[in-house]
2 protein chains.
Amino acid sequence: MRRVLLIPKMDSMTSPVAQATRGPVTRKDVARYAGVSTAVVSYVVNKGPKKVAPATEAKVQDAIRVLGYRPNAAARALKLGSTETIGLVIPDNGNPFFSLLAHAVEDAAAELGYALLLTNSDGNLTKERRNIRNLASRQVDGVILSSVLMEPDLADLESADIRTVLLNHSADAPGFNSVGVDLFAGAKSAVEHLIGHGHTTIALAMGTNAGNFLDGREQGWLQALTEAGLPEGPIVRSLFTRAGGYAAGQRLLASAIQPTAIFASSDMQAIGIMRALHEAGRSIPDDIAIAAFDGSEEAEYTWPPLTTVKQPAQAMAKAAVSALIGGRRNVNSEHLIFPTTLQVRQSCGCRRI
Amino acid sequence: MRRVLLIPKMDSMTSPVAQATRGPVTRKDVARYAGVSTAVVSYVVNKGPKKVAPATEAKVQDAIRVLGYRPNAAARALKLGSTETIGLVIPDNGNPFFSLLAHAVEDAAAELGYALLLTNSDGNLTKERRNIRNLASRQVDGVILSSVLMEPDLADLESADIRTVLLNHSADAPGFNSVGVDLFAGAKSAVEHLIGHGHTTIALAMGTNAGNFLDGREQGWLQALTEAGLPEGPIVRSLFTRAGGYAAGQRLLASAIQPTAIFASSDMQAIGIMRALHEAGRSIPDDIAIAAFDGSEEAEYTWPPLTTVKQPAQAMAKAAVSALIGGRRNVNSEHLIFPTTLQVRQSCGCRRI
DNA sequence: GTGAAAGCGCTAACAT
DNA sequence: ATGTTAGCGCTTTCAC
């Protein structure tokens with residue numbers, strides 16, 4: 001890389017004009033400047049718990065402005081036992097679904113005056129544990145965990161006494177609050193849509209979950225097939241990534257029974273599959289139709305645009321945050337399941353209106 | 001949504017087995033349990049600044065484990081004046097480029113034992129300011145700012161006494177450390193590549209920046225054209241988003257002079273443009289070739305795969321973090337410019353090997 | 001309506 | 001090698 005400028009720091013003899021006290025301004029400075037006690041400053045800053053005379057308040061506000069005072073959150077946290085911060089543990093902020101979720105969580109938290117400590121576990125259980133522990137030691141008021149695992153036995157260990165809600169978790173988790181979507185119904189609706197287009201051999205491109213629960217998406221796919229009296233199509237398993245989907249697509253193309261439609265358990269996988277299909281010269285949706293699960297924005301811009309089962313990420317994030325720090329914190333094991341909506345585009349065979 | 005389980009919290013009469021002291025375990029508890037002073041516990045936990053006898057250390061470690069002690073970061077931060085936390089302000093974590101950057105920043109920070117407070121400003125200056133202020137009051141040790149603006153006059157105001165480095169900032173910023181890429185050279189190389197394919201009418205799809213600096217990408221595009229003796233192609237301006245690109249693409253298709261190639265200032269815009277092109281039945285790259293700037297993973301999976309100028313996000317993130325909290329914190333205005341690499345795929349007209 | 005002061009959990013200088 | 005203790009900036013009870 002090229003270094004453009006390299007100006008040594010000028011001696012920090014900052015002009016001691018109105019603000020003689022160099023270094024952070026504390027509540028004490030404000031009190032002195034305003035000619036009141038430190039308690040009063042607190043009352044003003046926090047609008048309570050005691051009332052202050054309007055005149056006094058004005059003086060304090062003035063001092064605050066002049067001195068450029070900003071309360072020290074660390075001290076406040078120490079005193080109050082709350083950092084007004086929540087932690088978020090996701091597998092990978094590079095994955096559009098999770099980055100959207102993270103953004104939504106940030107918004108929801110900010111609305112309540114909470115900040116967000118973001119950590120990625122990179123699909124790595126060890127890292128996930130470390131992140132949780134780290135967040136706990138940082139006194140976050142709670143953590144939202146999008147676990148690598150289906151059954152977060154780990155949370156049992158680590159979270160011990162820290163409030164936790166499982167996000168993007170669609171199985172039951174005794175002892176935990178959790179929020180997720182109805183994977184089963186969502187997948188089923190997508191596969192039924194594919195069946196509606198006349199497909200009879202519908203493959204499943206499933207993501208690999210650590211854990212031995214049967215994923216709702218797999219069940220939904222199967223159920224739709226069964227109810228329609230259709231045979232179980234081929235299954236390929238891969239990571240929940242574009243690259244995983246790409247590989248899965250190639251395997252599917254090489255398999256004995258060729259599906260005429262594919263249901264993918266995530267948009268990312270579908271996108272990888274579509275690339276494999278394009279490269280092989282197959283037309284989508286005419287040779288092979290495809291539908292997926294997630295509803296990320298990226299799915300709107302693939303070619304052809306991807307029909308996908310949309311998860312209400314904002315709502316889920318909001319629910320997770322409010323389960324964590326909203327009212328009713330005393331509930332211990334509540335499982336919120338959000339419905340999905342099928343977003344019909346052209347990859348399934350539907351035409352533009 | 002559907003509520004599945006709703007089990008009321010069981011009375012928190014947790015078994016007081018080995019751990020009578022309910023509530024958070026403090027260093028005092030550990031000291032008492034281990035039969036040492038609190039100072040010794042500190043020495044053990046922090047591996048210094050004094051040495052402790054191996055036997056004592058073992059006792060303390062034991063107490064820590066048994067009691068499940070975890071240091072209180074808030075107290076530590078108050079005492080030390082450092083939270084070991086940095087703040088990141090980005091326009092939108094939903095944008096793949098920024099989510100990648102955020103992930104990279106998190107990694108780099110974690111490596112140094114720092115946590116990451118993430119905030120989105122949603123392209124909104126007011127929000128950006130609020131975020132910075134909020135981070136400052138939370139005593140972060142520094143903030144990495146990917147500003148909405150080209151000239152962060154604001155930082156002047158807000159960051160006042162908080163260490164700041166500008167990330168993804170390719171213009172000079174006196175008084176600030178910053179890291180960015182060589183927009184000019186990157187854009188120029190992409191346009192030259194397009195020229196190499198024989199194109200003579202090359203449009204520019206530029207993102208809209210608040211600020212009156214001429215973007216390096218625009219200059220690079222122009223320079224490549226000029227050097228090749230080519231006329232300036234049409235310019236369309238839009239947001240740095242897929243939707244922005246889509247609209248830009250439609251405008252381009254409707255314009256008087258039809259380009260045979262387009263250079264887009266971001267992958268997102270290129271992706272939107274490609275959709276517009278596909279919908280209009282234009283073939284890429286045969287009817288219209290396209291190249292872009294950013295090098296996000298998504299560009300690898302468009303159809304056809306997008307030729308794009310790759311920014312070294314990890315390296316940039318690492319540099320930003322180390323400028324903030326690594327050694328040499330005393331440098332005040334250093335501008336790091338990273339080189340880009342042209343990632344040639346098929347959207348420009350190159351064929352698969 | 002305002003102020004004095006205790007103490008949140010921790011670190012480290014200073015004693016022993 | 002270990003212990004004592006002041007104090008980081010804040011909130012809030014209790015006195016006035």
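Per chain, numbering begins at 1; letters A, B, ... match sequence-line order.
- Counting heavy atoms from C-beta outward, N120(B) and P91(B) have side chains that stay 4.5 Å or more apart.
- One can place CZ of R32(A) at 12 Å from P of dG9(D), the figure rounded to the nearest angstrom.
- Between its opening and closing five pairs, the helix from dG1(C)-dC16(D) to dT16(C)-dA1(D) changes axis direction by 40°, a value rounded to 10 degrees.
- Looking at I325(B), V143(B), D141(B), N177(B) one by one, the single match for side chain to side chain contact (heavy atoms under 4.5 Å, CB included) with R163(B) turns out to be N177(B).
- For Y69(B) against T26(B), the heavy-atom pair with the smallest separation is CE1-C, 3.5 Å.
- Residues H169(A) and V179(A) are not in side-chain contact: their nearest non-hydrogen atoms beyond the backbone lie 4.5 Å or more apart.
- A side chain to side chain contact (heavy atoms under 4.5 Å, CB included) with L167(B) holds for exactly one of V105(B), L336(B), L145(B); it is V105(B).
- Considering only residues two or more places apart in sequence or on other chains, A63(A) meets the side-chain contact (heavy atoms from CB on, under 4.5 Å) condition with V30(A), Y33(A), A34(A).
- Protein chain B contacts DNA chain C over a range whose 5' and 3' limits, counting nucleotides with an atom under 4.0 angstrom from a non-hydrogen atom, are dG9(C) to dA15(C).
- Legend: residues meeting side-chain contact (heavy atoms from CB on, under 4.5 Å) with E111(B), ordered by chain and number and at least two apart, are K318(B).
- Residue G142(A) comes nearest to I162(A) through the heavy atom pair CA-CG1, 4.3 Å, listed as atom of the first residue, atom of the second, then distance.
- The side chain to side chain contact (heavy atoms under 4.5 Å, CB included) with T85(B) is formed by just one residue from the set L135(B), V140(B), L116(B); it is V140(B).
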> What one-letter contact string describes nucleotides 10-16 of chain D from 5' to 3', where B marks a base within less than 4.0 Å of any protein heavy atom, S marks contact via sugar-phosphate atoms alone, and - marks no contact?
Replying inline: BBBBBB-
Between side-chain atoms of residues 39-57 of chain A and protein atoms elsewhere (two or more places apart, or another chain), which donor-acceptor pairs fall under 3.5 Å?
unit_1: N46(A); atom_1: ND2; unit_2: S42(A); atom_2: O; d: 3.4
unit_1: E57(A); atom_1: OE2; unit_2: Q61(A); atom_2: NE2; d: 3.4

